[in-house]
Amino acid sequence: KLEAKAADAEGRWSEPLVLKLEVLPPWWQTRWALMTWGLLAAILFLTSAWLYQRRVHLIQMQRMREHERDLAERNSTAKSRLLATLGHEIRTPMTGVLGMAELLQSSDLDPQQRHRVNSIQTAGNHLLHLVNDVLDLAQIEAGKLRLHDEVFNVKALVCDVSDFLKPLADTKGLGFNVVIDKSTPHGCRGDAGRVRQILLNLGTNAIK
């Protein structure tokens with residue numbers, strides 16, 4: 001408020017004159033601005049809370065993944081040790097069984113007895129291959145599997161596998177014939193054990 005009084009030449013004063021002036025606040029102090037500041041503050045607070053919760057959630061997920069990875073690694077290590085131990089424990093007596101079968105083959109046997117001994121040796125060799133597969137699985141998981149590079153007779157290997165598969169097919173009344181293409185080379189280079197394993201797996205699965 002601005003109050004003013006005036007005096008005339010005789011010194012008489014007039015009544016005060018009041019002049020009212022309304023000064024508007026700056027835009028950042030207006031009601032709409034204050035509401036906007038409050039809204040922005042609320043958004044900032046909610047965003048900060050969401051980001052904090054998200055960060056906590058990501059940390060928890062990371063810790064959970066690390067825990068699951070550690071647990072899986074421990075389980076894999078324990079399984080590999082179990083497979084390796086079991087494989088070695090089975091392979092030792094199987095070697096003795098195969099050795100006794102070889103001694104029987106060198107003795108005087110009639111054809112039926114010799115066929116039975118041959119079946120025992122074939123089944124024992126297959127079981128020994130399975131044990132070796134178990135040991136190979138442990139080596140695969142440990143990243144230490146090695147392939148053998150050697151020359152082997154393909155036809156002899158196929159005949160060896162068929163000698164094991166044919167009795168399995170006969171017991172189910174299935175026909176089993178071996179046909180080797182004439183163009184098949186006699187000798188190949190590679191891992192004969194792996195090729196035998198593939199043929200045995202395909203043959204036993206087909207018979208099943």
Side-chain angles (χ1 to χ4, degrees), residues 68-69 71-208:
E68 292 176 352
R69 183 172 61 251
L71 184 61
E73 290 177 355
R74 289 197 296 269
N75 291 338
S76 178
T77 302
K79 183 178 67 174
S80 298
R81 291 177 180 174
L82 176 62
L83 292 176
T85 302
L86 183 62
H88 287 297
E89 292 296 329
I90 296 177
R91 186 166 61 177
T92 300
M94 276 307 306
T95 303
V97 172
L98 293 176
M100 293 301 296
E102 291 180 1
L103 291 176
L104 286 175
Q105 284 180 334
S106 62
S107 60
D108 295 332
L109 300 174
D110 58 48
Q112 186 178 10
Q113 291 174 337
R114 188 170 298 279
H115 176 71
R116 291 175 179 175
V117 172
N118 289 337
S119 298
I120 292 175
Q121 189 174 29
T122 301
N125 285 326
H126 178 62
L127 181 58
L128 189 60
H129 287 313
L130 293 178
V131 172
N132 291 332
D133 293 342
V134 172
L135 296 177
D136 290 340
L137 178 61
Q139 291 180 355
I140 289 173
E141 293 183 349
K144 298 180 180 179
L145 179 65
R146 293 182 180 179
L147 297 177
H148 298 286
D149 186 12
E150 57 188 3
V151 178
F152 64 94
N153 190 313
V154 179
K155 296 182 179 180
L157 187 145
V158 171
C159 293
D160 182 35
V161 173
S162 66
D163 290 340
F164 174 78
L165 294 177
K166 192 175 189 311
L168 298 178
D170 292 340
T171 56
K172 290 193 173 185
L174 301 175
F176 187 88
N177 298 313
V178 178
V179 179
I180 300 178
D181 192 89
K182 295 181 179 180
S183 62
T184 302
H186 291 281
C188 284
R189 191 175 189 90
D191 195 326
R194 303 300 169 196
V195 177
R196 180 183 290 103
Q197 179 183 358
I198 293 171
L199 294 178
L200 285 173
N201 289 339
L202 292 175
T204 52
N205 288 337
I207 292 173
K208 290 177 182 179

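Nearest heavy-atom pair, S162 versus V178, reported as atom, atom and distance to 0.1 Å: CB-CG2, 3.4 Å. What you find for K172 and I207 is that their closest heavy atoms are NZ-O, 3.5 Å. Contact record, G190 with F152: N-CE2, 3.8 Å, taken as the closest heavy-atom pair.
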Is there a side chain to side chain contact (heavy atoms under 4.5 Å, CB included) between V195 and D191? Walk through the geometry before answering. CA-CA 7 Å; V195 177; D191 195 326; 5.9 Å; no
Check the pair D163 / N118 against side chain to side chain contact (heavy atoms under 4.5 Å, CB included), numbers first and verdict last. CA-CA 9 Å; D163 290 340; N118 289 337; over 6 Å; no
When you look at F176 and L168, which way does the side chain to side chain contact (heavy atoms under 4.5 Å, CB included) test go after all the steps? CA-CA 9 Å; F176 187 88; L168 298 178; over 6 Å; no
Begin from the C-alpha positions of H186 and K155 and carry the test side chain to side chain contact (heavy atoms under 4.5 Å, CB included) through to its verdict. CA-CA 6 Å; H186 291 281; K155 296 182 179 180; 3.3 Å; yes
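A salt bridge does not link R114 to D110: none of the charged side-chain nitrogens sits closer than 4.0 Å to a carboxylate oxygen.
Residues L157 and L199 have side chains in contact (heavy-atom distance under 4.5 Å, counting atoms from C-beta outward).
Here NZ of K166 is found 10.5 Å from OG1 of T171. Values are rounded to the nearest 0.5 Å.
Within 6.0 Å of CG on D181 lie more than 12 heavy atoms contributed by other residues, nucleotides or ligands. Under a cut-off of 6.0 angstrom, the local environment of CD in Q112 is sparse, with at most 12 non-hydrogen atoms contributed by other residues, nucleotides or ligands.
When atom types are taken as modelled, the side chain of T204 and the backbone of L200 share a donor-acceptor pair closer than 3.5 angstrom.
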